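Below: one structure, written as structure tokens.
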Amino acid sequence: MTSLPPPTVSLSADDARRIALRAQGFLGAPDRRGGVRGVLRHLGAVQLDTISVLARSHELIPYARLGAVGRDSVEKAYWTERHAFEYWSHAACILPIEEWPHFAFRRRANRERGHRWHILEDKQHSTRAVLDRLRTDGPLTSTELGGAKNGGEWFEWSETKIAVEWLLDTGEVVCSERRGWKRVYDLPERAVPDALLHDDLDDRECLRRLVALAGRSLGVGTRADIADYHRLKGEQFDAVVEDSGLVPVEVEGWSKPAWADPSALATAPRGRHRTTLLSPFDSLVWDRPRTERIFGFTHRLEAYVPKPKRIHGYFAMPLLAGGRLQGRVDPAREGRTLVARQLSLTSPAAAAPMARALREAAEWVGCDAVRVERAQTAAEAAAVTAELAALGT
């Protein structure tokens, strides 16, 4: 690690929590004029995931900040008029199109590595065939290109699928949208505006930009927090943090050095707190150690845990209320009823915000009733059910 200058600002743990909430769009009036595209640019990355319970995670992200935005309008905001592209950031993420040049370092690294985890039998022939098809008929899904699987196990990709994913990694094709949850591949010259279509920036400038963006999106964070936002290495962070514009700060209770975005320190974070359910892939909580440090709340995604071993459920969504994480619920839909298959609260006072969050989520996905199926205790189930009844649900 680089030698650190002494921090010039000391923050309380509560200051850091509120700064993080504002930076992520949960404290203060949301920028409704910017809409979904504004949320994407503010966050810098919206993670994608195959799981769909209430909705897919990339739909839940703007919903959590803006309220009941139309689900069709969410997709259109992401994927029309060349406003975004999909690439590897924190994971597979939707990214603002203006960040295309700043992922040149990752595209170069992929080219130098020569392959991902699949090896092409005839790289030159397979990649040329894909590019020729896209040039003639694109944009296309892998199925339209010739099929994603080779007929074996689910993970055994076809040569065409391996080729197009390799071209995606290296930037020779772009994922310009998702259609029926399938990636739609296109040529960069059609998907990326001319002014952005270049790999001219060296690695240092790319990394400096992504560290600065992550610091802005987090408000305040440790080396690990900021590096993890776009899945950079610690040494990559170290190489550019002094030039990133972030300033060293000291945070009460944090054992590691921290940095903050200067704009996050310019004014005290105040305003209305959002009450909502969060996707486990929301950038407010996707970093589990950071979530525990800031909110004192331990959360794990149990979708891949065998059912008998789950504690909180398949897709437990944390409840954000009053600027704190006050419980979680594993939702499902049965017809026009949203079912809280399992819920838990951090205190009895969380029953009312849990009921409000459940009702709003139900209305957003077209449900007109909410039912609590199971809770951590019978008292919690009764309390949330009573609050739902008071709301007319």
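Because only heavy atoms are used, hydrogens play no part in the values below, and waters and symmetry mates are left out as well, while side chains stay in. All values reported here derive from a predicted model rather than from experimental measurement.
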**OP:** Mind checking salt bridge (Lys or Arg N to Asp or Glu O under 4.0 Å) for Glu205 and listing every partner two or more places apart, or none if nothing turns up?
**Re:** Arg208
Subject >> Donor-acceptor pair between Ser279 and Asp282 side chains, under 3.5 angstrom >> reply: no
Original post:
Hey, which of Gln342, Arg341, Arg310, His312 is the one that makes side-chain hydrogen bond (donor to acceptor under 3.5 Å, both in side chains) with Asp330?
Top reply: Arg341
Subject >> Counterpart residues, side chain to side chain contact (heavy atoms under 4.5 Å, CB included), relative to Arg33 (two or more places apart) >> reply: Asp31
Subject >> Residue pair Ala381 / Thr385: nearest heavy atoms and the distance that separates them >> reply: O-OG1, 2.7 Å
Subject >> Residue pair Ser347 / Arg324, side-chain donor-acceptor N/O under 3.5 Å >> reply: no
**OP:** Check the angle between the aromatic planes of Phe237 and Trp259 and answer parallel, tilted or perpendicular using the 30° and 60° thresholds.
**Re:** perpendicular
Subject >> NZ/NE/NH1/NH2 to OD/OE distance under 4.0 Å, Glu165 and Arg183 >> reply: yes
Original post:
Quick check: does any side chain N or O of Arg336 sit under 3.5 Å from a backbone N or O of Asp368, one acting as donor and the other as acceptor?
Top reply: no
Original post:
Checking side chain to side chain donor-acceptor pair (under 3.5 Å) for the pair Ser10/Glu250: CA distance, chi angles, key distance, verdict?
Top reply: CA-CA 5 Å; Ser10 293; Glu250 183 179 66; 3.2 Å; yes
Subject >> Donor-acceptor contact present, side-chain Arg71 to main-chain Glu59, <3.5 Å >> reply: no
Subject >> Modelled atom types, side-chain donor and acceptor of Ser263 and Asp261, under 3.5 Å >> reply: yes
Original post:
Passes salt bridge (Lys or Arg N to Asp or Glu O under 4.0 Å), Asp225 versus Arg293? Steps please.
Top reply: CA-CA 11 Å; Asp225 296 344; Arg293 186 184 341 115; 2.8 Å; yes
Subject >> The single option from Leu131, Asp132, Val130 passing side chain to side chain contact (heavy atoms under 4.5 Å, CB included) against Arg128 >> reply: Asp132
Subject >> Ion pair Arg82/Asp186, N-O distance below 4.0 Å >> reply: no
Subject >> Pair Arg300 + Glu302, salt bridge at N-O below 4.0 Å >> reply: no
Subject >> Glu334 with Arg371: basic N within carboxylate O range, under 4.0 Å >> reply: yes
**OP:** Just say parallel, tilted or perpendicular for the rings of Tyr87 and Phe103, cut-offs at 30° and 60°.
**Re:** perpendicular
Subject >> Ion pair Arg231/Asp228, N-O distance below 4.0 Å >> reply: yes
Subject >> Check: Asn110/Arg107 side-chain N/O donor and acceptor closer than 3.5 Å >> reply: no
Original post:
In terms of side-chain geometry, is the basic nitrogen of Asp169 or Arg113 positioned less than 4.0 Å from the acidic oxygen of its partner?
Top reply: no
Subject >> Sidechain-backbone polar pair: Gln24 side chain, Leu284 backbone, donor-acceptor under 3.5 Å >> reply: yes
Subject >> Side chain Arg359, main chain Leu391, donor-acceptor under 3.5 Å >> reply: yes
